Amino acid sequence: AKTLANLRTTDLQMAAKVQRGLLPALPTAGRYDVAVHYEAYSYVSGDFYDFYTDDNGALTGLVLFDVSGHGVSSGLITTLVRPILYRMFTPDTSVPLSEVIAKANRSIIKAKGDVDNYLTCIMLRFAGEEIQYVNAGHPDLIRKDSANGIVPIKNDGTAVQGAFMGHEGMIEFFEETNHEYRFAMKKGDTFLLFTDGLIEAKSPDKTEFGMENIKRVLAEAPSNTTAAELIARFVDAGERHRSGAPLSDDITIVVVKVRA
């Protein structure tokens, strides 16, 4: 029994190593400073992210998605979803991102067959100073303006989430509710993407880290904070909040900042 348990642990460790090996390199060229924190609840994560770049290595697109559940089953779905999103993405701004993600959703549903997992997803496209954004049921990104602090994506402050991906019975609802939003990014501006594991990280008394703490950490960071330094601030704040309590979900954090 011990040998079998050891083999299972070894298999899980290998699966985690393979998954981490599939993670993309950080884009280093162009106007954006990018950093990531990626932490699995168990060995294998149901979170995944990808960067799309041009021939010069500059960022043209970004996806962050979170498959329902935990562990190996969710991790396997990430390997199914990633190439579909990659194939569907286009830097061509004449094709709305809402159309891109609608086609991806149909392909994911067809590819996963009877598997029950669904997923939430953010897809971004970078077009000069403009960011094009679609949100399929995922926690909203948070944007920090270098002059005005935390600012909403929509002027009325309402959320931008559409329906989540991967549910065959919701295709029409998905396509009705997922819309492309646009916002501009100037020098020194930052935005933050994350999975719900960051929001739901619990302290020993079961208090969640929460959106207000996320906004506070972002707001309190000095204007000259790099993307990597901001990630470190979030990791530190999360660890202090948890005070040794275990993770309750996978956590991924992506910071994108316009270089000054």
Side-chain angles (χ1 to χ4, degrees), residues 15-32 34-38 40 44-68 72-113 115 117-128 130-139 141 162-168 171 174-175 178-182 191 193-195 250 252-256:
K17 184 177 180 180
V18 169
Q19 186 180 51
R20 285 191 165 272
L22 294 172
L23 293 171
L26 294 176
T28 55
R31 75 189 294 254
Y32 296 103
V34 183
V36 177
H37 174 72
Y38 184 77
V44 182
S45 177
D47 294 352
F48 211 85
Y49 60 91
D50 207 359
F51 301 115
Y52 310 134
T53 57
D54 63 18
D55 291 341
N56 298 315
L59 196 61
T60 59
L62 187 165
V63 293
L64 172 63
F65 60 93
D66 180 0
V67 177
S68 60
V72 174
S73 60
S74 300
L76 286 171
I77 300 296
T78 69
T79 65
L80 175 80
V81 169
R82 183 196 184 188
I84 293 174
L85 293 174
Y86 176 82
R87 285 199 313 272
M88 295 297 172
F89 180 82
T90 173
D92 181 357
T93 56
S94 69
V95 182
L97 275 190
S98 53
E99 184 178 317
V100 173
I101 207 161
K103 288 180 179 178
N105 184 49
R106 287 175 179 262
S107 293
I108 289 165
I109 289 167
K110 183 177 180 181
K112 75 183 185 67
V115 176
N117 298 71
Y118 64 89
L119 61 142
T120 65
C121 177
I122 282 179
M123 179 178 282
L124 299 168
R125 183 163 56 197
F126 299 80
E130 185 178 76
I131 311 293
Q132 297 161 2
Y133 168 43
V134 65
N135 184 323
H138 198 84
L141 68 78
F164 56 76
M165 305 181 77
H167 193 295
E168 189 169 10
I171 290 176
F174 180 90
E175 293 174 4
N178 275 286
H179 306 290
E180 178 183 281
Y181 297 91
R182 301 184 176 204
F191 66 79
L193 294 81
F194 46 91
T195 54
D250 308 311
T252 304
I253 310 168
V254 183
V255 170
V256 179

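Quick note: numbers below take in every heavy atom, side chains included, and nothing from hydrogens, waters or symmetry partners. Values in this document were obtained by computation on a predicted structure and should not be read as measured data. For this chain, numbers begin at 1 and follow the sequence in order.
A donor-acceptor pair under 3.5 Å is formed between the side chain of N117 and the backbone N or O of S68. Panel note: side chain Q19, backbone V44; no donor-acceptor pair is recorded below 3.5 Å. Between the side chain of H138 and the backbone N or O of F194 there is at least one donor-acceptor pair closer than 3.5 Å. A donor-acceptor pair under 3.5 Å links the side-chain atoms of D92 to the main chain of S94, judged by distance alone. Judged by distance alone, the side chain of K112 and the main-chain N or O of I77 form no donor-acceptor pair under 3.5 Å. Although no hydrogens or angles enter the test, the distance criterion places no donor-acceptor pair under 3.5 Å between the side chain of D47 and the main chain of A40.
Heavy-atom minimum distance, S74 versus G46: CB-CA, 3.7 Å. Pairing each heavy atom of M165 with each of A136, the nearest pair is CG-CB, 3.7 Å. The nearest pair of heavy atoms linking G30 to A58 is CA-CB, 4.1 Å. In terms of heavy-atom proximity, G166 sits nearest to N105 at N-OD1, 2.8 Å. Closest non-hydrogen pair, N178 versus S98, comes out as O-CB, 3.4 Å. Closest of all the heavy-atom pairs between Y52 and Y86 is OH-N, 3.5 Å.
Using cut-offs of 30° and 60° for the angle between ring planes, the Y38 and F48 rings count as perpendicular.
Separating the CG atom in L193 from the CD1 atom in I122 is a distance of 4.5 Å, to the nearest 0.5 Å. Expressed to the nearest 0.5 Å, how far NE2 of H179 lies from OH of Y133 amounts to 13.0 Å. The structure places OH of Y32 at 16.0 Å from CG of L26, a figure rounded to the nearest 0.5 Å. The OH atom of Y49 sits 11.5 Å away from the CZ atom of F65 when rounded to the nearest 0.5 Å. Rounding to the nearest 0.5 Å gives a distance of 8.0 Å between CG of L85 and CG of D50.
Around atom CD of E168, no more than 12 heavy atoms belonging to other residues, nucleotides or ligands sit under 6.0 Å away.
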Practice task
Just do the side-chain contact (heavy atoms from CB on, under 4.5 Å) check on T60 and F89 with the steps written out, would you?
Solution key: CA-CA 10 Å; T60 59; F89 180 82; 4.0 Å; yes
Exercise for the section: Please lay out, stage by stage, how I108 and L119 fare under the test side-chain contact (heavy atoms from CB on, under 4.5 Å). Expected result: CA-CA 10 Å; I108 289 165; L119 61 142; 4.1 Å; yes
Exercise for the section: Begin from the C-alpha positions of E175 and R106 and carry the test side-chain contact (heavy atoms from CB on, under 4.5 Å) through to its verdict. Expected result: CA-CA 10 Å; E175 293 174 4; R106 287 175 179 262; 2.7 Å; yes
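In this structure the side chain of R87 never reaches within 4.5 angstrom of the side chain of K103, judged on heavy atoms. Side-chain contact between M123 and R125 is absent, with no heavy atoms from C-beta onward closer than 4.5 Å. Side-chain contact check for T78 versus S45: every heavy-atom pair is 4.5 Å or farther apart. Taking the side chain as every heavy atom from C-beta outward, L62 and V256 approach each other to under 4.5 Å. A 4.5 Å side-chain heavy-atom check between V34 and F51 finds at least one atom pair inside the cut-off. By the 4.5 Å heavy-atom criterion applied to side chains, F126 and I131 are counted as neighbours. In this structure, L141 and L124 have side chains that are in contact, with non-hydrogen atoms separated by less than 4.5 Å. With contacts defined as side-chain heavy-atom distances shorter than 4.5 Å, the pair I101/C121 qualifies.
Judged purely by distance below 3.5 Å, without hydrogens or angles, the side chains of T195 and D66 never pair a donor atom with an acceptor atom.
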